[in-house]
Peer 1: 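Before I ask anything, let me first share the structure, which is written out below as structure tokens.
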Amino acid sequence: MTPKSPDTSAIRTAIFPGSFNPFTVGHASIVERALTLFDHIIICVGYNLSKEADAAGRASACADRINALYSDNPRVEAIADAGLTADIARRYGARCIIRGIRSVADFEYERNMADINREISGIETIFLPTLPGLACVSSSMVRELEHFGVDVSRYIPH
């Protein structure tokens, strides 16, 4: 008897969008925890061509670094895209958007985005609270520390 092909419609895929400039240990923690809920996580490195001169190049390089980080895990892939998150999710068959929440301020912003994404596409958003020890880690904080010559290796997954 020949085994049947897996039903790819049954694969639970989620998209984890962000600028990830850079991808931090906080982001990696969200991915690891999301993998307990979903079969496949697509990390979408978003960019805005009107804000950065080489936004596409930066996003593509970031996606390459993330793919290298997860090279031994076929359940995680990173892409670079400048489109609407809801459109990207639909294109990749994602059933859900994953967002990390570090604070009440994050929640207010993210809830508004979740409401819009649901309204325009029907896709739901799941919020994962950041682990307490990682709540202070943000990409902007890492960039700032790096700018002033501080070793940021403890904030970047290897």
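Heavy-atom basis, side chains included; hydrogens, waters and symmetry copies ignored.
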Peer 1: With a 4.5 Å cut-off on side-chain heavy-atom distances among I, L, V, M, F, W and Y, is there a chain of contacts connecting Tyr47 to Val45?
Peer 2: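 Different hydrophobic clusters.
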
Peer 1: Taking the side chain from Ser71 and the backbone from Ala68, do they hold a donor-acceptor pair closer than 3.5 Å?
Peer 2: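 Side chain of Ser71 to backbone of Ala68: a pair is present.
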
Peer 1: Using only atom types and a distance under 3.5 Å, with no angle test, would you say the side chain of Arg75 pairs donor to acceptor with the backbone of Asp39?
Peer 2: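 Yes: the side chain of Arg75 pairs with the backbone of Asp39.
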
Peer 1: Nearest 0.5 Å, please: how far is CD1 in Ile42 from CD1 in Ile88?
Peer 2: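 It comes to 10.0 Å.
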
Peer 1: Shortest non-hydrogen contact from Ala94 to Ile123?
Peer 2: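 Nearest pair, atom of Ala94 first, then Ile123: O-CD1, 3.6 Å.
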
Peer 1: Would a 4.5 Å heavy-atom cut-off, applied to side chains only, mark Ser139 and Val142 as touching?
Peer 2: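 Answer no - side chains too far apart.
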
Peer 1: Answer whether the closest heavy-atom distance between the side chains of Ile101 and Glu110 falls below 4.5 Å.
Peer 2: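 A side-chain contact exists here, since the closest heavy-atom pair is under 4.5 Å.
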
Peer 1: Run the ring-ring contact (aromatic ring centres under 6.0 Å, His included) test against Tyr109 and tell me which residues pass, sequence neighbours left out.
Peer 2: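 Expected list: none.
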
Peer 1: Taking the side chain from Arg118 and the backbone from Met113, do they hold a donor-acceptor pair closer than 3.5 Å?
Peer 2: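 Checked: no pair found.
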
Peer 1: Any salt bridge linking Asp54 with Arg58? Criterion: basic side-chain nitrogen under 4.0 Å from a carboxylate oxygen.
Peer 2: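 No, no charged N to carboxylate O under 4.0 Å.
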
Peer 1: Please check if Ile126 and Ile97 belong to a single hydrophobic cluster, counting links between Ile, Leu, Val, Met, Phe, Trp and Tyr side chain heavy atoms closer than 4.5 Å.
Peer 2: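 No; Ile97 is not reachable from Ile126 via cluster members.
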
Peer 1: Hey, quick one: are Leu69 and Phe16 part of the same hydrophobic cluster, counting side-chain heavy atoms closer than 4.5 Å, chains of contacts allowed?
Peer 2: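 Yes.
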
Peer 1: Which donor-acceptor pairs under 3.5 Å do the side chains of residues 17-30 make with protein atoms, sequence neighbours left out?
Peer 2:
| residue | atom | partner | partner atom | Å |
| --- | --- | --- | --- | --- |
| Thr24 | OG1 | Gly26 | N | 3.2 |
| Thr24 | OG1 | His27 | N | 3.3 |
| Thr24 | OG1 | His27 | ND1 | 3.2 |
| His27 | ND1 | Thr24 | N | 2.9 |

Peer 1: Below 4.5 Å, heavy atoms only, C-beta onward: do Ile98 and Thr125 meet side chain to side chain?
Peer 2: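 They are not in side-chain contact.
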
Peer 1: Do Thr36 side-chain atoms and Arg33 backbone N/O form a donor-acceptor pair below 3.5 Å?
Peer 2: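 At least one qualifying donor-acceptor pair exists.
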
Peer 1: Can Ile11 be reached from Leu35 by stepping across I, L, V, M, F, W or Y side chains whose heavy atoms are under 4.5 Å apart?
Peer 2: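 No; tracing contacts between hydrophobic side chains, which count when under 4.5 Å, never links both residues.
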
Peer 1: Is there a donor-acceptor pair closer than 3.5 Å between any side-chain N or O of Asp87 and the backbone N or O of Gly83?
Peer 2: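 No, because the side chain of Asp87 does not come within donor-acceptor range (under 3.5 Å) of the backbone of Gly83.
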
Peer 1: Tell me, do Tyr92 and Ile79 make a side-chain contact under 4.5 Å, heavy atoms counted?
Peer 2: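 Tyr92 vs Ile79: side chains touch.
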
Peer 1: Assess whether side-chain contact (heavy atoms from CB on, under 4.5 Å) is satisfied between Ile41 and Tyr70, documenting all intermediate values.
Peer 2: CA-CA 11 Å; Ile41 306 293; Tyr70 291 100; over 6 Å; no

Peer 1: A quick test of your reading: do over 12 heavy atoms of other residues, nucleotides or ligands sit less than 6.0 Å from NE2 of His158?
Peer 2: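 More than 12 within 6.0 Å, yes.
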
Peer 1: Is there a side-chain contact between Val31 and Val76, using heavy atoms and a 4.5 Å cut-off?
Peer 2: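 Side chain of Val31 against side chain of Val76, heavy atoms only: contact under 4.5 Å found.
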
Peer 1: I need the minimum non-hydrogen distance between Thr130 and Arg102, along with the two atoms involved.
Peer 2: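 Taking Thr130 first and Arg102 second, the nearest heavy atoms are OG1-CG, 3.2 Å.
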
Peer 1: Is it true that Asp81 and Arg91 have a side-chain N and a carboxylate O under 4.0 angstrom from each other?
Peer 2: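 The answer is yes: the pair qualifies as a salt bridge.
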
Peer 1: Should Asn67 and Ile43 count as side-chain neighbours, where that means a heavy-atom distance under 4.5 Å?
Peer 2: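 Asn67 does not reach Ile43 side chain to side chain.
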
Peer 1: Within a strict 4.5 Å, meaning less than it, do heavy atoms of the Ile66 and Cys62 side chains meet?
Peer 2: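 Contact flag for Ile66/Cys62 side chains = yes.
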
Peer 1: Return the SG to CD distance between Cys44 and Glu77, rounded to the nearest 0.5 Å.
Peer 2: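 It is 10.0 Å, given to the nearest 0.5 Å.
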
Peer 1: Can you name the closest pair of heavy atoms from Ser121 and Arg90 and give their distance?
Peer 2: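 In this case the closest contact between Ser121 and Arg90 is CB-NH2, 3.6 Å.
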
Peer 1: Quick one, Arg12 and His40 - any side-chain contact, counting heavy atoms below 4.5 Å?
Peer 2: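 Heavy-atom side-chain distance check fails, nothing below 4.5 Å.
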
